[in-house]
Amino acid sequence: MDPKVWCLELNDGHFIPVLGFGTYALEEVPKSKALEDTKLGIDAGFRHIDCAHVYGNEKEVGLAIRSKIEDGTVKREDIFCNSKLWVTFLQPELVRPALEQSLKNLQLDYVDLYIIHYPTALKPGEELFPEDEHGKAIFDTVDICATWEAMEKCKDAGLTKSIGVSNFNHRQLEKILNKPGLKYKPVCNQVECHPYLNQSKLLDFCKSKDIVLVAYGALGTQRPKEWVDQSSPVLLEDPVLCAMAKKYERTPALIALRYQIQRGVVVLAKSINEKQMKENMQVFEFQLTSDDMKVLDGLNRNLRYLPFHIATEHPEYPFSDEY
């Protein structure tokens, strides 16, 4: 990893860049945009690329990484690339084949981090969102500790350097941490996190266990109609955030990103154009005062833009707990 890239050390000794490039795209966006955007992101200075099987664009992201390695912009070891195990692959025997498929799509020999996307298992099969005839999600039952053991085997096989989770509450994390014969702790928990949902209790819990919190939706999400209540307030239009942006002569997005970095949170930014990507890299050029950090803490309203509605009735639905 380039020493100029600001990183946090994970509990397994590897390092994760604190600013990541999100590759989730709205369904109406052509996949070719993932290819172009990822190239632009790497050119702008991003070295942490956040992918997932369910995003449906790992081939394009892989092509972008490959082309930036081939043109000499980066070496493979300069890029921190992660992917996620989708909820239809949580049965232990499906874990390694799912990772191998992502590696094939990304044209990589290994990922730097592999994450369980959600703790809520859905019926295994080709469908990403399996439904019954009434349009309800078909749940599956799985022992998440058995899934975790399969993740540990992937790390031992060298298919991923680190393993972690996403969208787990503290109880679900405890389950893995207290598992008899635990070989590797999760290095991270990737969750929705922004000034309106600052996850302070979960962050404190994760820090106490030496688990890094990774923030997605850090700029208030792209507000996809199928997932986000369109009447919810727009984070980047918040008057407090906007006033602070004015004070620091930065954008509200930069204030929201800097807020996370100063809390010791790894933050993912999804940018839709080159100007924004370059702008987001300015997050390292200024610092918020401790008073301003407290003001931003005060914006919390436990507003979750992405509640993952389809799994609300799942016994392992993570967001019913306080944290």
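Computed from a predicted model, the values in this text were never measured in an experiment.
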Taking atom types as modelled and ignoring hydrogens, do the side chains of [X] and [Y] form a donor-acceptor contact shorter than 3.5 angstrom?
X	Y	value
Asp50	Asn82	yes
Ser32	Glu60	no
Thr289	Asp291	no
Tyr259	Asp297	yes

Donor-acceptor pair, [X] side chain versus [Y] backbone, under 3.5 Å?
X	Y	value
Tyr305	Leu235	yes
Asn11	Pro186	yes
Asn189	Phe168	yes
Lys179	Ile144	no
Asn169	Asp321	no
Asn57	Ala34	no
Asn302	Tyr196	no
Lys155	Lys161	yes
His48	Ile16	no
Gln260	Cys193	yes

Quick check: are there more than 12 heavy atoms from other residues, nucleotides or ligands sitting under 6.0 Å from [atom1] of [X]?
X	atom1	value
Asp109	CG	no
Lys185	NZ	yes
Lys207	NZ	yes
Glu285	CD	yes

Minimum side-chain heavy-atom gap [X]-[Y] below 4.5 Å:
X	Y	value
Val234	Arg223	yes
Leu173	Lys209	no
Leu306	Glu192	yes
Ile261	Trp6	yes
Glu131	Lys136	no
Phe89	His53	yes
Val265	Val214	no
Val191	Gln199	yes

Rounded to the nearest 0.5 Å, how far does [atom2] of [Y] lie from [atom1] of [X]?
X	Y	atom1	atom2	value
Ile65	Cys81	CD1	SG	4.0 Å
Arg304	Ser232	CZ	OG	13.5 Å
His194	Leu236	NE2	CG	10.5 Å
Cys51	Ile115	SG	CD1	10.0 Å
Leu268	Phe21	CG	CZ	11.0 Å
Glu149	Tyr184	CD	OH	12.5 Å

Checklist entry - Going only through I, L, V, M, F, W and Y residues with side-chain contacts under 4.5 Å, is there a path from Tyr110 to Ile116? => result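 Looking at the clustering, Ile116 is in a separate group from Tyr110.
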| Cluster check Leu122, Ile138: I/L/V/M/F/W/Y, side chain < 4.5 angstrom |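 Unlinked, Leu122 and Ile138 end up in two clusters.
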Taking all non-hydrogen atoms of both residues into account, name the closest pair between [X] and [Y] and its distance.
X	Y	result
Ser162	Asp12	OG-OD2, 2.7 Å
Ala52	His117	CB-CE1, 3.8 Å
Phe15	Glu9	CE2-CB, 3.6 Å

Inset, instruction - Can you label the angle between the Tyr24 ring and the Tyr55 ring as parallel, tilted or perpendicular, going by 30° and 60°? - result: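 Tyr24 and Tyr55: perpendicular rings.
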Can you tell me how the ring of Phe308 sits relative to the ring of Trp86, calling it parallel under 30°, perpendicular over 60° and tilted otherwise?
perpendicular
Side-chain ion pair, [X] and [Y], N-O less than 4.0 Å:
X	Y	value
Glu322	Lys201	yes
Asp156	Lys183	yes
Lys123	Asp132	no

Query raised in the report: Does the salt bridge (Lys or Arg N to Asp or Glu O under 4.0 Å) test come out yes or no for Lys175 and Asp143, once each step is laid out?
Result: CA-CA 10 Å; Lys175 202 171 188 176; Asp143 173 6; 5.5 Å; no
### Task
Test Gln262 against Gln287 for side chain to side chain donor-acceptor pair (under 3.5 Å), laying out the working first.
CA-CA 8 Å; Gln262 284 185 217; Gln287 199 162 353; 4.7 Å; no
Apply side chain to side chain contact (heavy atoms under 4.5 Å, CB included) to the pair Lys270 and Leu219, showing each step before the final yes or no. CA-CA 8 Å; Lys270 172 72 189 147; Leu219 305 178; over 6 Å; no
Members sharing Leu63's hydrophobic cluster, built from side-chain contacts under 4.5 Å between Ile, Leu, Val, Met, Phe, Trp and Tyr, are Leu35
field: Tyr118 and His314 aromatic centres sub-6.0 Å
entry: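 For Tyr118 and His314, the ring centres are not under 6.0 Å apart.
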Report task. Tell me, with the steps shown, if Ile163 and Leu113 meet side chain to side chain contact (heavy atoms under 4.5 Å, CB included). Result -> CA-CA 5 Å; Ile163 49 176; Leu113 171 63; 5.6 Å; no
Would you mind writing out the side-chain donor-acceptor pairs for residues 90-101 within the sub-3.5 Å range, not counting sequence neighbours?
unit_1: Gln91; atom_1: NE2; unit_2: Asp140; atom_2: OD2; d: 2.8
unit_1: Gln91; atom_1: NE2; unit_2: Thr141; atom_2: O; d: 3.2
unit_1: Arg96; atom_1: NE; unit_2: Glu100; atom_2: OE2; d: 2.9
unit_1: Gln101; atom_1: NE2; unit_2: Asn105; atom_2: OD1; d: 3.2

Per salt bridge (Lys or Arg N to Asp or Glu O under 4.0 Å), Asp292 is matched among Arg258, Lys247, Arg250 by Lys247
Practice problem: Give every residue pair that meets the side chain to side chain donor-acceptor pair (under 3.5 Å) criterion with at least one member in residues 36-45, sequence neighbours excluded. | Solution: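 Non-adjacent pairs meeting side chain to side chain donor-acceptor pair (under 3.5 Å): Lys33-Asp37, Asp43-Lys68.
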Should Ser83 and Glu58 be marked as a side chain to side chain donor-acceptor pair (under 3.5 Å) after you check the CA-CA gap, both sets of side-chain angles, and the distance that decides it? CA-CA 9 Å; Ser83 184; Glu58 287 190 326; 2.5 Å; yes
Notebook entry, point to check: Please walk me through it: do Phe284 and Leu19 pass side chain to side chain contact (heavy atoms under 4.5 Å, CB included)?
Noted result: CA-CA 10 Å; Phe284 304 111; Leu19 181 63; 3.9 Å; yes
Pair Thr120-Glu316, side chain to side chain donor-acceptor pair (under 3.5 Å): steps then yes or no = CA-CA 5 Å; Thr120 48; Glu316 287 300 327; over 6 Å; no
